[in-house]
Amino acid sequence: MSNLNPRQKEAVRYIDGPLLVLAGAGSGKTRVITQKIVHLVKRCDLKGFHIAALTFTNKAAREMQSRLADQLEAKYRRGMRISTFHNLGLNILKREHSHVGLKPGFSIYDAQDVQQLIKELMRRAFDGDDQASEMQWQISAWKNDRISPGQAQLEANGDPKQVAASVLYEAYNRTLRAYNAVDFDDLIGLPVELFETQPEALEHWQNRIRYLLVDEYQDTNATQYRLVQQLVGVRGAFTVVGDDDQSIYAWRGAQPENLALLSEDFATLKVIKLEQNYRSAGRILKAANKLIGNNPHVFEKRLWSELGYGDPLKVIQAKNEDHEAEQVVSRLLAHKFQSGGRFSDYAILYRGNHQSRLFERALRESQIPYKISGGTSFFAYQEVKDIMAYLRLLVNDDDDNAFVRVINTPRREIGPTTLEKLAGYATGRGVSLCAAAYELGLETVLPERAVNRLREFVEWLADKSDQAQRGDPLEVVKSLVNDIRYEEWLLDTANDPKTAERRMGNVHELLAWLGRMAEQEGDGASLSDLVSRMTLMDILERNEDEQRDDCVALMTLHAAKGLEFPHVFMVGVEEQLLPHHSSLDEDNVEEERRLAYVGITRAQKTLTFSMALRRRKHGEVMDCEPSRFLGELPEDDLVWEGGGQPVDPEERQERGKAHLANLKDMLN
DNA sequence: TGGGGTGATATTTTT
DNA sequence: TATCACCCCA
């Protein structure tokens, strides 16, 4: 407690009612949350069992957990829930599944599964899957806003596209239930629905969670806010921490107005502002404050810092986008030599992922190690999806999506015709594909050979499922991979043995994760538990760059939220790019300004903006103007630089080599 | 069954 | 312009 400032202390100690902590960038909010948990346990005698802290990302949850582990003995942490919203939702559904029409072992569909399903439904209903992702987006938006298919249809007001989407929404939900499956949005939405209608269930969870903390509160959507409201009930024992200036996810349903809404819904709400920043030099904060001052505010806030004033901010004006990348990289390199720092002290932040390419190239040419965050998820690999589909089917034989994925992977000589007939039969009988395969009537529509193959498959599946229920789930999974000769199949299908090897490596990785998770969950863990937990995990692609740890970080402004770097380059700071043109059309400049604000406040010591005067867009060379946001920064703290002549590629190579030699010298 | 040709598309993304 | 998803074919 002694290392907290007075405001932070107040936020930690205040437990008399609902509390909103407005935590500016770099004001130590995670410290406050963890300290508060310690305070609740040690000073207020609250059992860990009765405390829940919610985050949006697994990363944030992990971070909080590990910080807490440093400050609180294990016995105090028993039963404490520090998890993402979605994991809490999963826990609730696991306990209450019967009330919302789910059977144990229900599947969780990720965005990819959902897209597949929606395309399938669209092909069936409108013979065509045009704009499937738009539909997917719309349905998710409705779910986030707590709008039912019926309401959606009413609100569509005859607009054909909206009507179609709402009809699809209805069919989609129905199908998901038939498959005994939920999507990510349902993990929050179904508990909310449940709590609206089942007071006993709500009471149980209110009794269980007696103090609730929520991180990044400005990112909550309507459904998540409702869940928070329900859980805290009239008691209102909660602390939410957020910053309206860092709300950059409104486009995916977040409602920053939930911050202001709190004071309406909880009359006794106390608000504490954390305005002392421990991260950035004075100049950087001054610029950030001035920029964000152009946005309207419900809560006024002014960050200050005791760190020095720091260097002026720079703006590099490059001739074109290649030149921009060159300039940024050569300045980064020069600065690193001069300061003797590490590559990991630097970050390059951009608005859109496509902007990374040029910087990657420039960094590679100069032999600078870098890592790009936001790679493909481990679970996107087809081999991982395959095995996961097997596991899903194993614990949930209603999951037709998984059935279709798995039935011919590897080949079982069950072709599209057989499947189609099976599907037709299943629909007629109102049962799942798996169940249909057992039915005797099947012989009337399918030749004996096909029926036998299907039976063989489902019987094998049932056998495995039995084993999984009785024995060690992990062993069953291993034997499953063995039974289907997956490795053989990978070798057959990949034209290059290296790819097959890599894919099998991913399968082993998956098994290893399952093993680790089984260990973590303890003896009682069923395969179903493991599978659903896995689906919510965030294992990222392991690329070679990540192995080295001294790397320049490349990421989008969105991905940078919550991070900090001694030296930040914000690139492509031009009109049409930041603010992005589509936000201009939609009159969303304020969110773009917050995005710029997030970028600026990532920097600790130096901040450099860059822009190109001309840039090719969609194959056409366009003139670019400096972002309006640059004009909103304090003029005296900004140094504009031309950027000099472009360096020719050969010289760049030379420079890279020289740099490498230099590194070697330093090592010797 | 994967690769090559074709045509649509071009912000941000977590769970 | 570059990428990506999809369709068709060998």
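Throughout, protein chains are lettered first and strands after them, A, B, ... in sequence-line order, and every chain is numbered starting at 1. Values in this document were obtained by computation on a predicted structure and should not be read as measured data. Worth knowing before you read on, the calculation uses all heavy atoms, side chains too, and leaves out hydrogens, waters and symmetry mates.
- In this entry the distance linking CD of Gln136(A) with P of dT13(B) reads 16 Å, nearest Å.
- Between the P atom of dA2(C) and the NZ atom of Lys617(A) lies a distance of 16 Å, rounded to the nearest Å.
- A cation-pi arrangement is absent between Arg594(A) and Tyr597(A) under the rule of less than 6.0 angstrom and at most 45 degrees off the ring axis.
- If you take CZ of Arg357(A) and P of dT1(C), they are 15 Å apart, rounded to a whole angstrom.
- Following rounding to the nearest Å, Arg252(A) (CZ) and dT12(B) (C1') show an atom-to-atom distance of 9 Å.
- Regarding His354(A), its NE2 atom lies at a distance of 12 Å from the P atom of dT3(C), rounded to whole Å.
- The nucleotide whose nearest atom lies closest to any side-chain atom of Thr84(A) is, among dT11(B), dT15(B), dT13(B), dT15(B).
- Residue contacts shown for Asp185(A) are absent, as no nucleic acid heavy atom lies under 4.0 Å away.
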**Asked** Given Gln116(A) and Gln112(A), is the side chain to side chain contact (heavy atoms under 4.5 Å, CB included) satisfied, shown in steps?
**Response** CA-CA 6 Å; Gln116(A) 242 179 5; Gln112(A) 231 182 96; over 6 Å; no

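- Between the P atom of dT15(B) and the CG atom of Asn221(A) lies a distance of 14 Å, rounded to the nearest Å.
- The CG atom of Asp322(A) sits 14 Å away from the P atom of dT1(C) (whole-angstrom rounding).
- Ring-base stacking between Trp251(A) and dT12(B) is satisfied, the centre separation being under 5.5 Å and the plane angle under 30°.
- Under the 4.5 Å side-chain criterion, counting only non-hydrogen atoms from C-beta, Arg177(A) is in contact with Val182(A).
- At a threshold of 4.0 angstrom between heavy atoms, the contacts of Arg351(A) include nucleobase atoms, whether or not backbone atoms are also involved.
- In this structure, Thr556(A) does not reach the dT11(B) phosphate: none of its side-chain N or O atoms is under 4.0 Å from OP1 or OP2.
- Residue-to-nucleotide proximity on DNA chain B shows that, of Ser583(A) and Gln382(A), the 5′-proximal contact is made by Gln382(A).
- Regarding contacts with the backbone of dT12(B), every side-chain N or O of His558(A) stays at 4.0 angstrom or more from both OP1 and OP2.
- A distance of 6.5 Å separates CG in Leu227(A) from CZ in Phe85(A), rounded to the nearest 0.5 Å.
- For the P atoms, the distance linking dC4(C) with dT13(B) amounts to 15 Å, nearest Å.
- Closest approach of Met517(A) to Leu530(A), counting heavy atoms only: SD-O, 3.7 Å.
- The interatomic distance linking Leu584(A) (CG) with dT11(B) (C1') rounds to 12 Å, in whole Å.
- Note on Asn353(A): only backbone sugar-phosphate atoms sit closer than 4.0 angstrom, heavy atoms only; bases stay farther off.
- Within the nucleic acid shown, Ser582(A) comes within 4.0 Å of at least one base atom, counting heavy atoms only.
- Closest to the side chain of Asn58(A), out of dT15(B), dT1(B), dT13(B), is dT15(B).
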